[in-house]
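It should be emphasised that the depicted structure is a prediction, and the values quoted were computed from it without experimental measurement.
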Number of protein chains: 2
Amino acid sequence: MSRPCPQHQHPHRLIQQPLSDLTDKLRRGELKITAPRQAILDVLRKHSSPLTIKEIHTSLGKLDCDLATIYRNMHTLERMGLVRRYDFGDGAARFELSPEEGDGHHHHLVCTRCARIVELDDCFLNEFQDQLARRHGFTQISHRMEFFGICPNCQAP
Amino acid sequence: MSRPCPQHQHPHRLIQQPLSDLTDKLRRGELKITAPRQAILDVLRKHSSPLTIKEIHTSLGKLDCDLATIYRNMHTLERMGLVRRYDFGDGAARFELSPEEGDGHHHHLVCTRCARIVELDDCFLNEFQDQLARRHGFTQISHRMEFFGICPNCQAP
DNA sequence: CGGAAGATTGCAAACCGCTTGCATCTTCAA
DNA sequence: TTGAAGATGCAAGCGGTTTGCAATCTTCCG
């Protein structure tokens with residue numbers, strides 16, 4: 001069922017291609033960029049929406065590798081800054097390159113009928129978030145925010 | 001392992017005790033308030049934080065009932081206004097009485113080390129949310145927002 | 001160069017949250 | 001009284017995720 005993973009030929013070959021601007025962090029860490037990892041990052045970079053493991057696996061195409069490998073690598077990449085999201089309501093984790101902080105931080109508007117996702121480009125919560133941290137004595141503060149509704153296509157005529 | 005459910009004695013007895021202010025909706029609907037449902041609502045009313053199914057099941061104590069019954073009732077109660085949340089990062093759904101809209105709408109600040117949850121009492125997103133709906137043509141819009149950080153107790157000295 | 005130690009992967013089994021099919025029981029209405 | 005509708009317990013099943021293990025590859029050190 002699963003075709004041979006290219007990993008079999010060159011398992012730990014260090015790949016020196018530049019990563020996306022969002023993944024400089026990854027380079028700074030001591031992470032070996034193996035073929036499956038490179039392929040996973042390529043898929044994530046190609047899509048603007050957060051992807052499930054299954055979607056990533058499907059998108060790998062010829063670079064197909066074992067599901068367990070993807071799951072394990074998502075944990076590894078998460079430690080390096082990848083964002084894991086559970087907020088889409090179906091119980092499956094979704095991943096995206098954009099870090100919670102800094103440039104590229106954004107939120108989504110999700111249609112609850114057809115699952116269409118609209119990217120929102122500005123986040124206005126930084127100041128409020130900082131106030132919150134001071135008020136409650138929290139550090140390393142971050143947030144998640146998603147909007148839900150019914151998109152124009154899905155509204156009954 | 002599971003002790004006999006009290007349901008066995010009085011399965012569909014209508015219980016007429018007043019529900020919490022948040023659950024007037026439930027009364028208006030045509031929902032039979034059975035013993036397991038009453039017990040579940042009691043547990044939710046006793047806790048200020050959103051609870052997982054497992055936590056609810058544990059809290060039921062002597063009113064213990066089958067897990068499948070809780071799962072089924074959560075769907076039923078959800079249709080009546082109960083709020084299901086997936087935004088706590090472990091993939092398990094959590095439930096709370098407060099509805100998404102109207103009075104009682106609020107968000108949380110979660111400690112990522114000890115899971116302590118701080119309730120935040122004001123939500124300032126309604127106006128922004130309405131703008132968003134107009135701009136993208138969405139209807140029935142709602143949102144989820146959670147903050148994460150490390151609480152004072154968990155910060156290294 | 002050779003070989004040990006560590007990292008990564010594929011495979012299969014297990015785990016966990018959740019759902020569903022079925023028999024049983026209660027309620028409610030005819 | 002009788003039958004339909006709804007709720008529950010039980011057990012099996014499903015999908016997403018994790019884990020144990022052996023094999024393979026890289027790195028490092030003698």
Less than 6.0 angstrom separating the ring centers of Phe124(B) and Phe128(A), yes or no? yes
OP1 or OP2 of dG17(C) under 4.0 Å from side-chain N/O of Lys54(B): yes
Nearest-Å distance, CG (Leu77(B)) to C1' (dA7(D))? 13 Å
Give the rounded distance in Å between these two atoms: CG of Asp66(B) and C1' of dC22(C). 14 Å
Considering just the side-chain nitrogens and oxygens of Thr34(B), establish if one lies under 4.0 Å of OP1 or OP2 belonging to dT8(D). yes
Would you mind reading off the distance between Leu60(B) atom CG and dG9(D) atom P, rounded to a whole angstrom? 10 Å
Asp90(A) atom CG is separated from dG15(D) atom P, nearest whole Å, by 13 Å
Length of the line joining Arg37(B):CZ and dA7(D):C1', which is rounded to integer Å: 7 Å
Taking only N and O in the side chain of His75(B), is any of them less than 4.0 Å away from OP1 or OP2 of dT19(C)? yes
Contact nearer the 5' end of DNA chain C, comparing Arg72(B) with Ala92(B): Ala92(B)
For the residue pair Val43(A) and Ser59(A), what are the closest heavy atoms and their distance? CG1-CB, 3.6 Å
Roughly how many Å is it from CD1 in Ile56(B) to P in dC18(C), rounded to a whole number? 10 Å
Which pair of heavy atoms, one from Arg85(B) and one from Pro50(B), lies closest together, and at what distance? CD-CG, 4.0 Å
Ala93(B) near the nucleic acid: base, sugar-phosphate alone, or nothing, with a heavy-atom cut-off under 4.0 Å? sugar-phosphate
If you look at every heavy atom in Pro152(A) and His136(B), which pair is closest and at what distance? CG-O, 3.4 Å
Take atom CZ of Arg84(A) and atom C1' of dT18(D), then tell me their distance rounded to the nearest Å. 11 Å
Atom-to-atom span, OH of Tyr86(A) to C1' of dC18(C) - whole angstrom: 15 Å
Between Gly91(B) and Leu67(A), who's closer to the 5' end of DNA chain C by nearest nucleotide? Leu67(A)
Side-chain N or O of Tyr71(A) versus OP1/OP2 of dT17(D): is the shortest distance under 4.0 Å? yes
Looking at Leu125(B) and Met145(A), what are the two nearest heavy atoms and their distance? CD1-SD, 3.7 Å
